[in-house]
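Data block below; observations after.
The structure presented is a predicted model; accordingly, all values stated were derived computationally and were not measured. Counting begins at 1 with the first residue of the sequence.
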Amino acid sequence: MPEYTFRAEKEYRRADACLCELLKDFTRSAVKKLFDGDCVLINERAAKASQSVSVGDEIRCVVPEPKEYGVKPENIPIDIVYEDDDIAVINKQQGLTVHIGNGAPDGTLVNALLYHLKNLSGIGGELRPGIVHRIDKNTSGLLVVAKNDAAHASLSAQIAEKSCKRQYLALLEGNLKDDVGTVTTYIGRNPADRTKMAVVEPSKGKLAITDYRVEQRSGGYTLCRFSLRTGRTHQIRVHARFLGHPVVGDDVYGIKKQKFALDGQLLHACRLELTHPGTGERMAFTAPLPDYFCQVLKKLAFDLSAIDY
């Protein structure tokens with residue numbers, strides 16, 4: 001098992017903050033797992049994440065060997081937009097859950113990744129290998145996958161620092177009043193239905209900020225571009241509802257009587273910008289709207305040729 005030994009050169013109020021600084025390739029969640037697993041010793045005594053560190057303290061960390069994935073590879077077709085030794089960018093289809101969880105024991109993107117890719121980072125645990133961020137099952141579009149732990153740590157830091165840019169296109173019910181705007185709320189569990197998210201009081205949720213810009217209007221609908229500043233669960237869908245113009249096809253936050261026969265919301269992650277973890281190169285990826293999305297836009301007389309990805 002890999003082992004790291006450090007001598008503290010300054011004081012820290014918390015040992016986990018110290019280790020995050022020393023183990024630069026590890027995310028905060030990975031460091032937390034080390035403390036939870038009693039893998040960190042300070043001066044040869046089991047350390048707690050919350051304890052302080054003094055100058056000269058010896059910090060020793062034993063990293064367990066990665067476990068064999070309990071998730072089975074499955075030959076599920078996926079659209080790999082880009083791949084190298086560090087990352088893969090996937091254009092996920094609507095209807096594919098990203099990782100195994102309640103109600104999704106298999107048939108996920110993770111199962112597909114294990115089949116199609118040779119390596120995946122282990123920081124996300126055996127149920128989420130390679131997964132740095134996620135998009136909803138019935139949302140289509142781009143997400144980046146980490147193929148090693150160093151890449152995972154870099155991408156996680158970019159998302160936290162907001163240098164990883166994600167843009168979405170959505171068709172909204174009705175005619176959105178303002179051409180450009182920003183929604184700033186707090187999002188948390190809906191107190192009336194814990195399976196849903198909602199705009200809540202600050203003390204009961206997390207800060208959620210979404211920028212939007214109207215692309216086109218036609219037939220009583222609005223094609224809108226959303227840019228995430230934060231990454232809360234169902235953020236765009238909740239904010240669209242908050243604006244009074246939910247996403248078309250959304251069977252959770254949308255209107256009850258849908259005009260179109262759809263399998264999910266018309267929400268697509270169309271653009272992804274990031275800094276490559278290995279080369280430092282700034283990269284941008286785009287994915288056109290899927291056919292079912294375009295068919296609805298055509299029926300409503302939107303100009304598909306004017307859409308900028």
Side-chain angles (χ1 to χ4, degrees), residues 76-79 81 90-99 101-104 106-109 112 133-143 166-177 183 187 190 193 195-199 210 212-228 231-272 286-309:
I76 301 169
I78 54 174
D79 181 9
V81 175
I90 312 297
N91 181 16
K92 187 189 81 68
Q93 61 265 42
Q94 186 185 65
L96 184 63
T97 300
V98 170
H99 56 72
N102 293 334
D106 50 32
T108 69
L109 177 62
H133 65 112
R134 60 182 294 274
I135 54 179
D136 298 336
K137 174 182 178 180
N138 286 329
T139 298
S140 58
L142 298 170
L143 74 165
R166 294 167 285 167
Q167 292 186 5
Y168 295 72
L169 286 171
L171 185 64
L172 305 184
E173 304 279 357
N175 201 348
L176 190 58
K177 179 182 177 181
V183 184
I187 289 179
N190 188 327
D193 185 346
T195 65
K196 299 179 181 180
M197 308 303 289
V199 171
T210 309
Y212 67 87
R213 185 183 78 215
V214 171
E215 297 287 307
Q216 296 182 46
R217 308 171 193 270
S218 183
Y221 293 83
T222 304
L223 182 64
C224 193
R225 182 181 300 271
F226 289 94
S227 300
L228 293 177
R232 308 306 175 205
T233 301
H234 300 173
Q235 180 171 319
I236 291 175
R237 298 162 64 192
V238 171
H239 274 173
R241 180 184 178 92
F242 178 76
L243 288 168
H245 299 275
V247 179
V248 172
D250 192 335
D251 60 0
V252 177
Y253 305 103
I255 62 175
K256 290 183 178 180
K257 293 184 178 180
Q258 293 285 337
K259 181 178 179 180
F260 306 99
L262 297 167
D263 294 325
Q265 61 269 4
L266 293 184
L267 177 61
H268 178 70
C270 63
R271 185 175 181 86
L272 174 67
T286 59
L289 293 175
D291 289 342
Y292 60 85
F293 200 143
C294 291
Q295 290 302 318
V296 173
L297 294 180
K298 287 179 181 178
K299 289 179 181 179
L300 295 171
F302 281 87
D303 184 359
L304 298 183
S305 66
I307 298 175
D308 180 16
Y309 296 105

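- In this structure, R134 CZ and L143 CG are separated by 10.0 Å, a value rounded to the nearest 0.5 Å.
- Looking at every heavy atom in both residues, A240 comes nearest to L172 through CB-CD2, 4.1 Å.
- Remark: F242 CZ is loosely packed, at most 12 non-hydrogen atoms of other residues, nucleotides or ligands lying under 6.0 Å away.
- Side-chain atoms of T222 come within 3.5 Å of backbone atoms of L176 as a donor-acceptor pair (strictly under, hydrogens ignored).
- The line from CG of L142 to CG of D79 is 8.5 Å long, rounded to the nearest 0.5 Å.
- Looking only at side-chain heavy atoms (C-beta outward), F226 and C224 come within less than 4.5 Å of each other.
- With hydrogens and angles ignored, the 3.5 Å screen pairs no side-chain donor or acceptor of K298 with any backbone N or O of F302.
- Closest non-hydrogen pair, L297 versus L171, comes out as CD2-CD1, 3.9 Å.
- Side-chain contact between P288 and Y309: present, with at least one pair of heavy atoms (C-beta onward) separated by less than 4.5 Å.
- In this structure a side-chain-to-backbone donor-acceptor pair under 3.5 Å is missing from Q265 to V247.
- Checked by atom type and distance alone, the side chain of D136 never pairs as donor or acceptor with a backbone atom of N138 at under 3.5 Å.
- For the atom pair Y221 OH and F260 CZ, the distance stands at 4.5 Å (nearest 0.5 Å).
- Checked by atom type, the side-chain pair Q235/T210 shows a donor-acceptor distance below 3.5 Å.
- Closest heavy-atom contact between G254 and P246: CA-CB, 3.7 Å.
- Across every non-hydrogen atom of H245 and E173, the tightest pair is ND1-O, 2.7 Å.
- Atoms CG and CD, from L300 and Q295 in turn, are 11.5 Å apart once rounded to the nearest 0.5 Å.
- In this structure, CG in L169 is found 11.5 Å from CZ in R271, a value given to the nearest 0.5 Å.
- Ring pair Y253/H234 is perpendicular by interplanar angle, where above 60° counts as perpendicular and below 30° as parallel.
- Here the closest non-hydrogen pair linking K92 and T139 is NZ-O, 2.9 Å.
- Not a single donor-acceptor pair under 3.5 Å links the side chain of K177 to the backbone N or O of L243.
- Across G249 and L262, no two heavy atoms sit closer than the pair CA-CD1, 3.9 Å.
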| task | Might you work through the side chain to side chain contact (heavy atoms under 4.5 Å, CB included) test for V214 and L223, ending with a clear yes or no? | result | CA-CA 6 Å; V214 171; L223 182 64; over 6 Å; no
